[in-house]
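Start at 1 and go down the list; that is how both ligands and their atoms are numbered.
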Amino acid sequence: MKRIVTMQDISCIGKCSLTVALPIISAMGIETAILPTAVLSTHTMFKGFTFHDLTNELEPVISHWKKEGFTFSAIYTGYLGSIEQIAIAKHFIDTTEGNPLVIVDPCMADAGKLYTGFTLEFVEEMKRLCEKADIICPNITEACLLLHQPYKESFSEKEIKKMLKELCKFGSQKAIMTGVSLQKNSIGAYGYDADNDTYTYYFTEEETQHFHGTGDIWASTLTGCLVNGKSLQESIQIACDFVKESIHLTLQEENHNIYGVNFEQAIPSLIKKL
Ligand code: PXL
């Protein structure tokens, strides 16, 4: 059985990071090992969230794994709580044998703003982590921050293509920007593969509301698809459709919650596509 290790936080309520990565990747038939970076009562969009840092646990966990000789088909990093945790992620990538696929989702911002607690120094360190990835998948805000570009609500296709090429210059072979909208009522992802100088994209009809955690759902699905042997194009398409379906099911629910989407009931349709 393939095994992915994902490094991100546990937001006990919030439907993001590990509480979506674990069920999604497991449902895709892949063992999911976790490197939990922190335990939060909720994600950081709620006021008054608690935050228990697990930085001190990470090195001992990793060194035990090294002794046991565990290997991974992929390393997928998401929300990291500090610059020190980025350093640990870099070291983990550098010292893990077996050439795992490295996917870095530079989780730190959305809708033009850094998430609570992050600084521009953190952004610079995240760039160093992106250098170690095979694939990075920033949203538009994160791409702008990484590239020191002002955030705008919309970009032209030419601008997106240029940004993707610039993002690959950090060192990854592939960069995929999420939350790209080139036309009204349409949203999706645009990717660039520097290995063969090709672009790939997929768009779906835009749902009427945006939700938290959809980037984590997208990146978890992409990682699961790639490890299951899907092409980049297919993986992007499946991840976009899964997020769209999850939002759609959420909006169908009366009194749906506003902190995360109903990805759980979209899992059966995801599995059929594998
Ligand atoms: O979905 C990204 C994410 C992950 N983890 C935590 C967050 C966020 C976004 O705000 O707060 C704790």
Visitor: In order of chain and number, which residues sit within 4.0 Å of ligand 1 by heavy atom?
Guide: Asp9, Ser11, Cys16, Ser17, Leu40, His43, Thr44, Tyr79, Tyr115, His212, Asp216
Visitor: Is it true that the side chains of Thr32 and Ser26 contain a donor and an acceptor less than 3.5 Å apart?
Guide: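 There is such a pair between these side chains.
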Visitor: Please examine the side chains of Glu31 and Phe72, heavy atoms only from C-beta on, and report whether any two atoms are closer than 4.5 Å.
Guide: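 Phe72 does not reach Glu31 side chain to side chain.
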Visitor: Check the side chains of Thr55 and Glu84 for a donor-acceptor pair under 3.5 angstrom, ignoring hydrogens and angles.
Guide: no
Visitor: Assess whether a salt bridge exists between Lys15 and Glu264, defined as any Lys/Arg side-chain N lying under 4.0 Å from an Asp/Glu carboxylate O.
Guide: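 Salt bridge flag = yes for Glu264 with Lys15.
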Visitor: So, for His64 and Phe70, is the gap between ring centers shorter than 6.0 Å?
Guide: no
Visitor: Looking only at the side chains, is there a donor atom on one of His148 and Lys127 sitting less than 3.5 Å from an acceptor on the other?
Guide: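 Judged by distance alone, the side chains do pair up.
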